[in-house]
Amino acid sequence: MLPVVLALACVAQFMVVLDVSIVNVALPSIQRVLGLGESGPQWVVNAYALVFAGFLLLGGRLADLYGLRRVFLSGLVLFGGASLAGGLADDAGLLIAARAAQGLGAAILAPATVTALTTTFREGPERTRALAIWTAVGLAGGTAGNLIGGVLTEYLSWRSTLLINVPLCALAVPLVLRGLAPAPVRRTRSRLDLPGAVLATSGLAALAYGFAHNPAALAIGVAALASFVVVEARSTAVPLFPLRLLRSPAIRVGNIAMLLAGACLNPMWYFLTLTMQNLLHYPALLTGLGFLPHTVVSIAVGMFLTPRLMRHVDSRILVSVGALIGAAGFWWQSRISPDSDYLSGILGPAVIISFGGGLLNTPITTIVTSGVNAADAGAASGLMNTTKQIGGALGLAVLVTATDTYAEAFLAIGAVLVVVAIFGRVLPARRCDEKA
């Protein structure tokens, strides 16, 4: 049963993270075929990311209320159905709506993968190994999305970057039926915090739209998020996020660092894809293959090197060092020009950026989820995933609006990573071997 659950969690997590980036290489084709405007490609990416982020906290509560097996199956059906609709879409509006529905399915699946691991594997080395594999698979999904997207776009079409999820969801269903037991029937159920979820998602969407198009929308976003805080504090029996958790410095400071890290590493795929296609004039296949070093280095560092270092080195040191290494990689990436070759323009920066990212992701995850009671573990994990996705969506919106060239975008990302390194030094000290 243990290998089946681990396989299920990793497949679902890979698929969810894959779809953050798999459409990046296909964006020029989508823009040309569906007639997207100048900012249209951004919303193909952000429709998924914003709904994903906004509903993650709600998705984390669903398994507690309705059972892990039922929620997992529902998430797979919704994600697969939305992928099918997106792959068959014949106009931009339908595609963006399908991407939003994909984000909702992902918000149901992502917390369920963590719940499956934490309820199946005993706390200690067994669970640590499972979470390390899960984290590495997530890193691989993000970077491999560009590689897989490039291959699919080159040899099939942009539609296949969405349709590939349909068979993956179908393959995951028997794993759910085999590995997850049905939940016991409950006579009473707590009320879902749907108002909180709607306020969170609409607030984030308004902020992203405000940064990208209309500053007036920023006020709407701030008001919606302020209302979300009031709802969470006063009116819900099962809040999406118990505000008392913010008393923990690890959660409070750690999630700020996670937000900033998400604003760096996720938009990287968007800008680097456009750099390779528009500046270096790589076709879709070569663009996808250009991300192969990111995938290999992320897996190697995240799965093998970082867990070993965490046995001997304070996690906050690893966060700071990883962020600074990543910042150096983005500075190098900003030096790219139309005359750059693959070695100096893509490969060299890729190794540095991916090494730094692989070094900081697992330690910061460990810090943010440490010292939390079992009853609040889902909420803490949901907040961590939410802040990372919010960072990616808002970071992309801000960078698209505030920078004029790819070089400026990469320099801005590097500067934010320096701030992450500073936050790493003020995080609570936490070593992996204290819990293993």
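Nothing fancy with the numbering, it's 1 onward along the sequence.
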- Measuring from T275:OG1 to F410:CZ, what's the distance to the nearest 0.5 Å? 3.5 Å
- Mind checking the CD-CZ spacing from Q333 to R335? Nearest 0.5 Å is all I need. 12.0 Å
- Task: Output yes when a side-chain donor or acceptor of S354 lies under 3.5 Å from a complementary backbone atom of V351, and no otherwise.
- Result: no
- Item | Working for side chain to side chain contact (heavy atoms under 4.5 Å, CB included), residues L27 and Y270 | CA-CA 9 Å; L27 287 176; Y270 178 89; 3.7 Å; yes
Give every donor-acceptor pair under 3.5 Å between a side-chain atom in residues 215-229 and any protein atom, sequence neighbours left out.
residue, atom, partner, partner atom, Å
S227, OG, A223, O, 2.9

- How many angstroms lie between CG in L94 and CZ in R99, if you round to the nearest 0.5 Å? 14.5 Å
- Query: Counting distance only, does the side-chain N/O of T405 pair as donor-acceptor with the main-chain N or O of E408 below 3.5 Å?
  - Reply: yes
- For the student: nearest non-hydrogen atoms of V51 and A47, plus distance: CG2-O, 3.4 Å
- Summary of ring pair (Phe, Tyr, Trp, His ring centres under 6.0 Å) pairs that have at least one residue in residues 324-357, sequence neighbours excluded: none
- Correct closest heavy-atom pair for A421 and A323 would be N-CB, 3.7 Å
- Query: Can you list the residues that meet the side chain to side chain contact (heavy atoms under 4.5 Å, CB included) rule with P174, with sequence neighbours excluded?
  - Reply: none
- Distance from W158 atom CH2 to I30 atom CD1, nearest 0.5 Å? 5.5 Å
- Message: For T161 versus A26, what's the shortest heavy-atom pair and its separation?
- Response: CG2-CB, 4.2 Å
- If every non-hydrogen atom of A412 is compared with every non-hydrogen atom of L399, which pair is closest and at what distance? CB-CD2, 3.7 Å
- Task: Could you grab the distance from atom CZ of F52 to atom CG of L109, nearest 0.5 Å is fine?
- Result: 8.5 Å
- Task: Please list all pairs passing the side-chain hydrogen bond (donor to acceptor under 3.5 Å, both in side chains) test where one or both residues lie in residues 289-303, with sequence neighbours left out.
- Result: T143-T295
- Query: For the atom pair CE (M15) and CG (L171), what is the distance rounded to the nearest 0.5 Å?
  - Reply: 10.0 Å
Side-chain donor/acceptor pairs under 3.5 Å, residues 276-290, sequence neighbours excluded:
residue, atom, partner, partner atom, Å
Q277, NE2, V25, O, 3.1
N278, ND2, Y406, OH, 3.1
T287, OG1, P283, O, 2.9

- Note on the structure: In short, side-chain hydrogen bond (donor to acceptor under 3.5 Å, both in side chains) pairs touching residues 165-176 with sequence neighbours left out are D19-N165, S83-N165
- Any idea which heavy atoms bring L162 and Q102 closest together, and the distance? CD2-OE1, 3.6 Å
- Message: Assess the residue pair K388 and L259 against the criterion (side chain to side chain contact (heavy atoms under 4.5 Å, CB included)); give the C-alpha distance rounded to whole Å, side-chain angles, the decisive distance to 0.1 Å, and a yes or no.
- Response: CA-CA 5 Å; K388 186 174 183 179; L259 179 80; over 6 Å; no
- What are the two closest non-hydrogen atoms of A12 and T113, and how far apart are they? CB-CG2, 3.6 Å
